[in-house]
Enquirer: 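Right, I'll just put the structure down here and ask away after.
Note: hydrogens, waters and symmetry copies are ignored here, and every other heavy atom, side chains too, is used. All chains are named by letter (A, B, ...) in the order of the sequence lines, taking the proteins before the strands, and each is independently numbered beginning at 1.
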Number of protein chains: 2
Amino acid sequence: MSSTLKDIAQRTGKSITTVSRALNDYDDVSPKTKALVHRVAEELGYTPNLLAQRLQKHRSDTVGLILPTFGPRFSDPFFSEILAGVGNQAAECGYDLLVSTQAPGEKELEVYRQKVQGRQVDGFIVVRTRCHDLRIEYLRGAGIPFAVFGRTAGKLDFPFVDEDGVYGMRLVAEHLAGLGHRRIAFIAAPPDLMFARHRLEGLREGLAMLGIPLDEDLMVGGDLTQKGGYEQAGRLLDRPDPPTAIATGNDLMALGVMSAAQERGLVVGSDLAVTGFDDIPLAEHSHPPLTTVRQPIYQIGRQVCRMLIQLIRGEELEQQHVILQPSLVVRRSCGSTPPQMSPL
Amino acid sequence: MSSTLKDIAQRTGKSITTVSRALNDYDDVSPKTKALVHRVAEELGYTPNLLAQRLQKHRSDTVGLILPTFGPRFSDPFFSEILAGVGNQAAECGYDLLVSTQAPGEKELEVYRQKVQGRQVDGFIVVRTRCHDLRIEYLRGAGIPFAVFGRTAGKLDFPFVDEDGVYGMRLVAEHLAGLGHRRIAFIAAPPDLMFARHRLEGLREGLAMLGIPLDEDLMVGGDLTQKGGYEQAGRLLDRPDPPTAIATGNDLMALGVMSAAQERGLVVGSDLAVTGFDDIPLAEHSHPPLTTVRQPIYQIGRQVCRMLIQLIRGEELEQQHVILQPSLVVRRSCGSTPPQMSPL
DNA sequence: AGTATAAACCAAAACGTTTTGGTTGTCAAT
DNA sequence: ATTGACAACCAAAACGTTTTGGTTTATACT
């Protein structure tokens, strides 16, 4: 059924070499032969066997992306956006995208090794960095092209794009303080994630600068899920001295917080201020719409992918490190009528 | 750097054949040799070259999914959900997922051909079927395993999962009629899409059964986007005799309809009823929450992928054709206080 | 002693490309 | 008649596996 160079060679009476070179437009093949080869190739419906091609060329023209998900969390909107950005950029550059999921842990590096050494991918996109990220250490050590969304606590000698989470949370702190809040709670992200650290730090700094005391009891851990936000918010709100504002480490948890508040008869926006982080598409349509920090996830996905492809091609990177300034998106979940300003 | 069978063969003093067979646990290799080979393989950090393996085995253990998107519409929530389902199922079965985007048209089939004949994938998932779907004709003709989300107008001699769109829209018709609506508009999906046809047919049937006259002027075309819904709704609402209810062919357009209505000072739910179709995650959180028809996209993605993998493995399919009954999810966009019933 | 059986091993072919390092034939310049 | 240059072509090696179809050696049975 599927034809090979050999078939074309037989049909044209030329050698396999010549056929190959004809199809690749080498100039040591006569125009006449080229035409013949192309015609026969067309006739036979020839398509090169990419596996063979790649085996020989030591290139797969494929970028890898392994989503660090637990269970079926593939559908996390954050990952969907990343995936969209990476996928579109890869397609535009003529690269395929190989997607896989693998929970953080023991077997994780094995999957990276397998894909890299198995020549399935030419490079990797790494997302959702941990403070000490073994994936990055491995890739760095192995000398494989990779580009990262996020930073680590270690040496930043790799190409990355990240948002300035410290700045983002400072904006939140200022916003909440400006609305008069003094008892501000924070549901953080898991502390091994680098962005969790930045965001927590930003809140601390922001409040400190404004001279607002920070109650350590109100700083609690979260797991990034809606359910987790719901549960932690419940605990915070049931305290004898509940906070008047709850900031969260990501939008999904903020949605959970709003549910918990509403269940207790509180009106989000007047009785309780809630903020998120990320500005996933849902945030705009939540009830009430969520005040949050916007980072252009889709765009970041594109950019990281573009960096990776440049790296793979051996081109010079314009910028090795990109840190984007996020902006505060004021909606209704903190009660202030959103001013019609465009974010800085 | 990356080691091969040859390296192991040299180190152990055995032949490449024996090493290969040892690693694959053939029983014509002595236990002692197996142990030796495994130890050395470990030492050298051997990982098989998947390209070579696949070239030889004529299998890629990869399923392909090409999203038929125009421009950067990768982020359509519908596709995200599908992708999540397919991706998780594939990962669970030990398959890789190769994702690509390609707008419908000329070049589309070429991409399928290339991936199939290039041995990049063992089979395809086809989504968002057209009435006459060339992709399906090609795959059928080429004898390549594939499984489909959706149906076509032609012979249904391929494995698919689909929702009963006719039934779904009949539920909508009944619901709207039950609320007293008589002037009902519909913003349809592009008519070459099979599901568009089903949904339109369902609405027609439903209204006919209830004896409600159907004004052809109120049946308009849509493009599935929020913007498209917004524009068409604007035109409908600016008529001298506007409808009291606007049903739509998908949720995204319904969101656009609500914006258009609200911009005109109408209260969605009392002044105008709006319905969607799909029940994407956004629907629950829209403002007001959207009454829509629920189809379990994520689950369908999983199931289609499972079917494909069974097909690839040559296993018997339990069911060749699966048609799921959707259910109406009553929220606030039609005004009725949502009864606390569980959908049928 | 000769023959069958089994255990352990291996050389070579195959998968379908690309690349290397040629060869052959023609023509023009010496 | 050589020489050199050039155009057009190709055989064989290479990529890293798996599979085919063996061979060799030891052991057990007549």
Enquirer: Please tabulate, one pair per line, all N/O donor-acceptor pairs under 3.5 Å involving side-chain atoms of residues 144-156 of chain A, not counting sequence neighbours.
Expert:
from	atom 1	to	atom 2	distance (Å)
A/R151	NE	A/D162	OD2	2.8
A/R151	NH2	A/D162	OD2	3.4
A/R151	NH2	A/E163	O	3.2
A/T152	OG1	A/G154	N	3.2

Enquirer: Could you work out, with ring-ring contact (aromatic ring centres under 6.0 Å, His included) as the rule, every residue matching A/H132, not counting sequence neighbours?
Expert: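 None.
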Enquirer: Name all pairs fulfilling the side chain to side chain donor-acceptor pair (under 3.5 Å) condition that reach into residues 37-53 of chain A, sequence neighbours left out, sorted by first residue then second.
Expert: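 Output for this query lists A/T47-B/R113.
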Enquirer: Could you give all pairs that pass the ring-ring contact (aromatic ring centres under 6.0 Å, His included) test and reach residues 85-119 of chain B, with sequence neighbours left out?
Expert: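 Non-adjacent pairs meeting ring-ring contact (aromatic ring centres under 6.0 Å, His included): B/Y112-B/F124.
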Enquirer: Tell me the salt bridge (charged side-chain N to carboxylate O under 4.0 Å, His left out) pairs involving residues 44-56 of chain B, sequence neighbours left out?
Expert: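 Residue pairs with at least one partner in residues 44-56 of chain B: B/R54-B/D96.
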Enquirer: For a quick check, with a 4.0 angstrom heavy-atom cut-off, what is the B/S/- contact string for nucleotides 10-19 of chain C, read 5' to 3'?
Expert: BBB-BBBBBB
